[in-house]
Amino acid sequence: MRLIGAGTRDDVDYVVTDRFWTIPNGITLIRFCLVPVFVWQVVTEQYLSAFLVLAVLSSTDWVDGYIARRFNQISTVGQWLDPLADRLSLVVVAVTLVATGIAPWWLVVGLIVPDCILAAAALVMFRGSPELEVTALGKIRTALLLAGTPVLLLAQVPGLAEAPLTVAATVLLALGCLGHVGAAGDYLVGCVRKYRELTARGVDPRDRASWATP
């Protein structure tokens, strides 16, 4: 069973709809709602509950994509809402864990600095999102980060193997941060490539309405 692109069917002609209320989008909204619950539980040192919430939050990233592909519920809203939920949840989770002294400082730096560079580049070149597809490296990066953070929380629960869990979580998070930097570099190259391609066609990269013009 494939993990990346899970649920993809060869017997379906996928149609991207403009509907907002789809099951995948509903699951993504649940992910947004779970973020403040997670923050509150960490701040109040309810680490086991926070671990469970984060585990559910992390799994929804895979579930909504699977359902969208399996049942042909891909939407234009989901194409930007799902990556936004991923990025927001990762940043908020990382900041919360670092601010409470659970995670190392480099976790936030490794996530926020590349994002700031990408945001600035996209704003200058496209005056917004360049609307590039998420790469396999980006998906792997997200999986590593969303796996490492729950393990790090689990290490805070009294009576569990704190040292081994902390080491395992640190390795996952370090790999995730390296993947994040790599994915950011790949995304930046994609931004520049798309900018040059549009410019070569005489299209203003900041005018989205003209992108589809041959």
Side-chain angles (χ1 to χ4, degrees), residues 3-6 24 27-67 80-119 134-187:
L3 294 178
I4 296 177
I27 295 174
T28 303
L29 290 176
I30 291 174
R31 197 186 323 166
F32 276 106
C33 296
L34 287 176
V35 172
V37 175
F38 167 81
V39 173
W40 176 74
Q41 290 179 330
V42 172
V43 171
T44 56
E45 299 184 357
Q46 301 179 56
Y47 297 127
L48 184 56
S49 297
F51 162 77
L52 295 174
V53 168
L54 188 55
V56 173
L57 190 153
S58 300
S59 67
T60 60
D61 179 44
W62 184 87
V63 172
D64 59 9
Y66 175 86
I67 292 177
W80 62 261
L81 186 65
D82 183 62
L84 176 63
D86 288 345
R87 194 57 51 85
L88 178 65
S89 59
L90 281 174
V91 171
V92 173
V93 167
V95 170
T96 302
L97 294 179
V98 171
T100 53
I102 296 174
W105 61 269
W106 49 259
L107 178 60
V108 167
V109 174
L111 292 179
I112 293 181
V113 171
D115 281 356
C116 289
I117 294 174
L118 286 180
V134 179
T135 63
L137 179 58
K139 293 179 181 293
I140 293 171
R141 169 271 330 262
T142 301
L144 288 169
L145 292 170
L146 291 180
T149 44
V151 175
L152 192 61
L153 271 175
L154 202 58
Q156 309 303 312
V157 179
L160 297 182
E162 178 181 350
L165 287 174
T166 300
V167 171
T170 302
V171 170
L172 289 172
L173 293 176
L175 291 174
C177 282
L178 289 174
H180 187 68
V181 173
D186 188 42
Y187 197 80

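Along the sequence shown, the residues carry numbers beginning at 1. The figures that follow rest on heavy atoms only: side chains count, while hydrogens, waters and symmetry mates do not.
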Query raised in the report: Is F51 close to V157 at the side-chain level, that is, under 4.5 Å between some pair of heavy atoms?
Result: no
All side-chain hydrogen bond (donor to acceptor under 3.5 Å, both in side chains) counterparts of [X], not counting sequence neighbours:
X   : value
T60 : R31
Q46 : T44
S89 : none

Just to verify, what does [X] make a side chain to side chain contact (heavy atoms under 4.5 Å, CB included) with, not counting sequence neighbours?
X    : result
L52  : none
I102 : V42, Y47, L97, T100, L152, L153, Q156
L144 : I140, L172, L175
D115 : R87, V91, H180

Could you tell me which non-hydrogen atom of [X] sits nearest to which non-hydrogen atom of [Y], and how far apart they are?
X    : Y    : answer
L137 : A183 : CD2-N, 3.5 Å
T96  : V92  : OG1-O, 2.7 Å
C177 : L107 : SG-CD1, 3.7 Å
P114 : L111 : CD-O, 3.7 Å
A169 : V151 : CB-CG1, 3.8 Å

Quick test of your reading: applying salt bridge (charged side-chain N to carboxylate O under 4.0 Å, His left out), list the pairs with at least one residue in [range], sequence neighbours left out, ordered by first then second residue.
range            : answer
residues 159-183 : none
residues 149-161 : none
residues 33-44   : none

Query raised in the report: To the nearest 0.5 Å, how far apart are OG in S58 and CZ in F38?
Result: 9.0 Å
Query - Distance-only polar pair, side chains of T28 and D64, donor-acceptor under 3.5 Å - result: yes
Report task. Kindly state each residue pair satisfying side-chain hydrogen bond (donor to acceptor under 3.5 Å, both in side chains) with at least one member in residues 163-174, sequence neighbours excluded. Result -> none
